[in-house]
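Report on the following structure.
Since the structure is predicted, the reported quantities are computational estimates derived from the model, not experimental observations.
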Amino acid sequence: MLLRLAVTGTLVALSAGCHSGPLAQVPTLAAVQRVTAPEGSVRLVGWPRAMADAERALWADKVKALTRSHPLPDTSVLVFADENSARTASERLQQEAGVRWVSLNHRRHLGLLEEPRLPSPVVRNLQTFSDLLTGSGGQWHLALSKVTSAWENFPRARGQDILVGVLDSGVDYRHPDLALNIARDEAGLPIKIDALGMAGRVDSCLGLDYSADSAYRDTNHPGPDGNGHGTHVAGIIAAVANNLTGLKANVVGVAPEARIVDIKAMDCEGGGTDDVIAVGIRRAVDLGVRVLNMSIGGEEPAPILAEAIAYGQARGVLFVVAAGNGSGVPVYYPAAYPGVVAVGALDTRGRRASYSNVGSELAVMAPGGGINQTAEGILSTLPTYEHVLSAGRTQGSWPGHGRVSGTSQASPVVAGVAALLLSQEPTLSPDQVRLRLLASSKDMGSNGFDKDTGWGMVDAAAALAMGQRGGERP
């Protein structure tokens, strides 16, 4: 099956599946039976590859489970009467049915920093287009990561034609700093993957419904990002350059001509479960994204995420994932998986941010902002309607920009640099891009790799220069 995308005025055909056969069949999240249950009584099951559908259904009956969905091939989400039943059934499935794995359906979280508690009531002004000096001068992270130098030295590398997936809380794709860089189909419609909606999850906060299906339904309806996190991440990667010059310039993304694919797998409260995240990954891979940013994480490993990531890596996708904001604890999953670019955060002085996780899986560091987010956060786009990050603040006429800190903000800086590299050298494999990012990083701490700062600070100009010989493309 071919999906046709409109990219910079041309049509590019992308294969929705890289291989024929069962792996090319993308399973739906349409439930066999819609079942609501506490996640403690839910188990994800990886069945033996050769087991027939009828035999899986028989085993679900034997362990008194209802099948909620099949998020990936040879996997099921099973719901039990209670947690004790789930534990007993898990042991039986592993011993008697020979399943590959049984796992809890962990809830991952967006990498948001908790702000210091302030006196109540609190009223803060949210920055808007009309009262904020934006442009690269207000985006300190661009200079620190040598993105501005990369633009000057390599004017043809802007991320053009590179599809970058943002697996997050959604994207305000009508935002004037994002609209031109949203991936669109042949009819000009935004391409989006609503894994939450496919799972039957209701996404509502602040008394509003942020469903992707009903987004922008009328002038009073909000868009799909009820949290704000996904829109902020998308702007760091690919906010449009040199537009809205009459409004004191605008924010600009690291790769200002990349194309964003919105993969809504996290809800407006800032969480998402492994089954939904896995299907979001799978759909994005089959759509043809080259880079997939995931500013999400949790302490527990998850076999279903490991398999989804391995599927993507085998099909040419580079995964860039936030290391986590646990203040020095080990790198979170899925950033800790092999081959993933796990990104830690730096403050405005280029030092490891105190909240950033550490560990042997850490790949590189990038600007993520300081604890004082209002003054030291990363400046990027925010939804142009009410959202969770705007709660408690006085709404301007257009709350389109703001500062947020975290490894969530560091990860999209690196994803943007990866898009620059791929636009300069489109044939690079994910491993080649990853190694280029690591080899070109600016060493920090002890000589070479160390668990606090990985291989060092990402350097966009050095990464692009490594592919040049005598000023020409290799």
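Between the side chains of S76 and H70, a donor-acceptor pair is found at a separation under 3.5 Å. If you check the side chains of T381 and D177, you find no donor sitting under 3.5 Å from an acceptor. R201 and T273 form a side-chain donor-acceptor contact under 3.5 Å, judged by distance and modelled atom types alone. For the residue pair N293 / S411, a side-chain donor-acceptor distance below 3.5 Å is found, with atom types taken as modelled. Donor-acceptor pairing under 3.5 Å is recorded for the side chains of T231 and D225. Using a 3.5 Å distance cut-off with no hydrogens or angles, the side chains of S103 and N105 do not pair a donor with an acceptor. Remark: the D172 side chain and the T384 side chain contain an N/O donor-acceptor pair separated by less than 3.5 Å.
L362 contributes atom CG, which lies 9.0 Å from atom OG of S360 (distance to the nearest 0.5 angstrom). Once rounded to the nearest 0.5 Å, the distance linking CG of D452 with OG of S446 reads 8.0 Å. Of the inter-residue distances, the one linking D274 atom CG with I281 atom CD1 reads 9.0 Å to the nearest 0.5 angstrom. Rounding to the nearest 0.5 angstrom, the gap separating the CZ atom in R174 from the OH atom in Y385 is 10.5 Å. Taking CD from E257 and CG from L420, the interatomic distance works out to 10.0 Å, rounded to the nearest 0.5 Å. Rounded to the nearest 0.5 angstrom, E269 CD and H109 NE2 are separated by 10.5 Å.
Taking 4.0 Å as the cut-off between side-chain N and carboxylate O, R290 and E425 do not count as a salt-bridged pair. A salt bridge links D74 with R56; the closest basic N to acidic carboxylate O contact falls under 4.0 Å. Salt-bridge formation is detected for the pair R87/E83: a Lys NZ or Arg NE/NH1/NH2 atom is positioned less than 4.0 Å from an Asp or Glu carboxylate oxygen.
Residues M266 and G272 come closest through the heavy atom pair CE-N, 3.5 Å. The nearest pair of heavy atoms linking K264 to S169 is NZ-O, 3.0 Å. In terms of heavy atoms, L163 sits closest to G288 at CD1-O, 3.9 Å. Across all non-hydrogen atoms, the minimal contact from V358 to K451 is CB-O, 3.2 Å. Considering every non-hydrogen atom in both L72 and A278, the closest pair reads CD2-O, 3.9 Å. Closest non-hydrogen pair, N227 versus C268, comes out as ND2-O, 2.9 Å.
Contact annotation: the side chain of I193 never approaches that of D262 to less than 4.5 Å [non-hydrogen atoms, C-beta and beyond]. With a 4.5 Å cut-off on side-chain heavy atoms, V171 and V261 do not count as touching. The closest side-chain heavy-atom distance from D203 to S211 is not below 4.5 Å. Proximity of V45 to R100: side-chain heavy atoms (C-beta onward) are nowhere separated by under 4.5 Å. L113 places a side-chain heavy atom less than 4.5 Å from the side chain of Q373. Considering only heavy atoms from C-beta on, D275 comes within 4.5 Å of L44 through its side chain. Taking the side chain as every heavy atom from C-beta outward, V289 and V164 never approach each other to under 4.5 Å. E361 is not listed as a side-chain neighbour of Y337, based on a closest heavy-atom distance of 4.5 Å or more.
Counting only distance, with no hydrogens or angles, the side chain of S356 and the backbone of R352 share no donor-acceptor pair below 3.5 Å. Looking only at distances, no side-chain donor or acceptor of S204 sits under 3.5 Å from a matching main-chain atom of D209. Under a 3.5 Å cut-off, the side chain of S441 and the backbone N or O of L438 do form a donor-acceptor pair. Put simply, the side chain of S41 never gets that close to the backbone of D82: no donor and acceptor are under 3.5 Å apart. The backbone N or O of G230 sits less than 3.5 Å from a side-chain atom of D168, completing a donor-acceptor pair.
The 12-atom threshold is exceeded at NZ of K62, counting heavy atoms of other residues, nucleotides or ligands nearer than 6.0 Å. Other residues, nucleotides and ligands contribute over 12 non-hydrogen atoms within 6.0 Å of the CD atom of Q432.
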Query - salt bridge (Lys or Arg N to Asp or Glu O under 4.0 Å) between D185 and K192, worked out - result: CA-CA 10 Å; D185 63 19; K192 51 188 184 294; over 6 Å; no
**Report entry** D286/Y311 under side-chain hydrogen bond (donor to acceptor under 3.5 Å, both in side chains): CA gap, chis, key distance, verdict
**Finding:** CA-CA 10 Å; D286 288 342; Y311 176 84; 2.5 Å; yes
Query raised in the report: After noting the C-alpha distance and the side-chain angles of Y173 and Y216, does the key distance pass the ring pair (Phe, Tyr, Trp, His ring centres under 6.0 Å) rule?
Result: CA-CA 10 Å; Y173 52 85; Y216 312 118; 4.9 Å; yes
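For the pair R43 and F80, the NZ or CZ position fails the cation-pi test of under 6.0 Å to the six-membered ring centre and within 45 degrees of the ring normal.
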